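The structure appears right after this line, and notes come after that.
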Amino acid sequence: MTPTFRFAPSPNGPLHLGHALSALLNADMARAAGGRLLLRIEDIDRERCRPEFERAIADDLAFLGFIPSEPPRRQSEHFGTYRAALDRLAAMGLVYPAFLSRAEIRALTADPAWPRDPDGAPLYPVGERTLSTAEREARMARGDPYALRLDMAAAVAAAGPLTFEESGAGPEGESGRLTADPERWGDVVLARRDTPTSYHLSVVVDDALQGVTDVVRGVDLFHATGVHRLLQALLGLAAPRYHHHRLIRDAAGRKLSKSDGDTGLAELRAAGASAGDIRRLVGLQPTPST
Ligand code: GLU
């Protein structure tokens, strides 16, 4: 199988140095492996994603010398494909409509001892797993807002124990053959009424469809790998290798955000930085071409 790497930004803001590190590592590793380098535009959130950010991403990547092997895949053009994957999970009895509002979730999980996911959000209260089909249908027909969630306990039982190969490092330096631990996330959202898929679902479907063999991304997504391995197993998709890389932090030690102007690629370019300067700023060795 041809080694295949992908950089998968969401066009919901301008790229910063953290994205540059990810894009450049993917490009370097694809080149070293003699493999393919893909660009995937993760624009399922139609509210926050904008064409002007996608254009800026293309400009910034061209400037960095990131040259994809084929035209980008735009997730918003493939909702039907994600829907088919969701339907498969639903046919396995692993998906349920969850009706609690944000305020109701807050109230039910207010106890400081309530379990939290790796991002610090309270796990979803799972009571609605057991609503009868009639009740679900009545509430959906009545127009009650809902999200489709994965029944994590049933999904984990169906898939059995899972592992993944990590050639970078997790937050605690984890590497090698690691145990996937999706249960830390509880009943994750797979689709919403206004967004008929989710990050987790579309990323595993696309990685498989595009023949991605190596996922190289920031360590902030390390724990998400457990959910990704679970969905791959349930959907019968091949597992890529994973390489999670360090994050670039600002002077105060915070993870960069898309609104931080001074580490934005556009600002650095406007201030005269070259692609080689960006490589140095993110701690990569120069390449002959920069
Ligand atoms: N679209 C995700 C982001 O912008 C990255 C997805 C991935 O690499 O798995 O953070």
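Just so you know, ligand 1 is whichever comes first in the structure, and atom 1 is the first atom listed for that ligand. These numbers come from the heavy atoms of this one structure, side chains and all, not from hydrogens, waters or symmetry mates. Just so we're clear, the structure is a prediction, and the values are computed from it rather than from any experiment.
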Heavy-atom gap Y199 to ligand 1 smaller than 4.0 Å
yes
Name the closest protein heavy atom to atom 5 (C) of ligand 1, giving the residue it belongs to and the distance to 0.1 Å.
A8 O, 3.4 Å
A student checking ligand 1 against V203 at a 4.0 Å heavy-atom cut-off should list atoms 9 (O)
Does the ring of F99 carry R139 above it, NZ/CZ under 6.0 angstrom from centre and within 45° of its axis?
yes
For the pair R149 and E128, find out whether any cationic side-chain nitrogen is under 4.0 Å from an anionic carboxylate oxygen.
no
Atoms of ligand 1 close to E42 [distance to a heavy atom under 4.0 angstrom, numbered from 1]:
1 (N), 2 (C), 5 (C), 6 (C)
Does the side chain of R217 pick up a donor-acceptor pair with the side chain of H245 at under 3.5 Å?
no
Can you tell me how the ring of H16 sits relative to the ring of H19, calling it parallel under 30°, perpendicular over 60° and tilted otherwise?
tilted
Just which atoms of ligand 1 are under 4.0 Å from any heavy atom in R6?
7 (C), 8 (O), 9 (O)
Atom 10 (O) of ligand 1 has as its nearest protein heavy atom L221 CD1, 4.2 Å
So, do Q210 and T4 sit near enough that their side-chain heavy atoms are less than 4.5 Å apart?
no
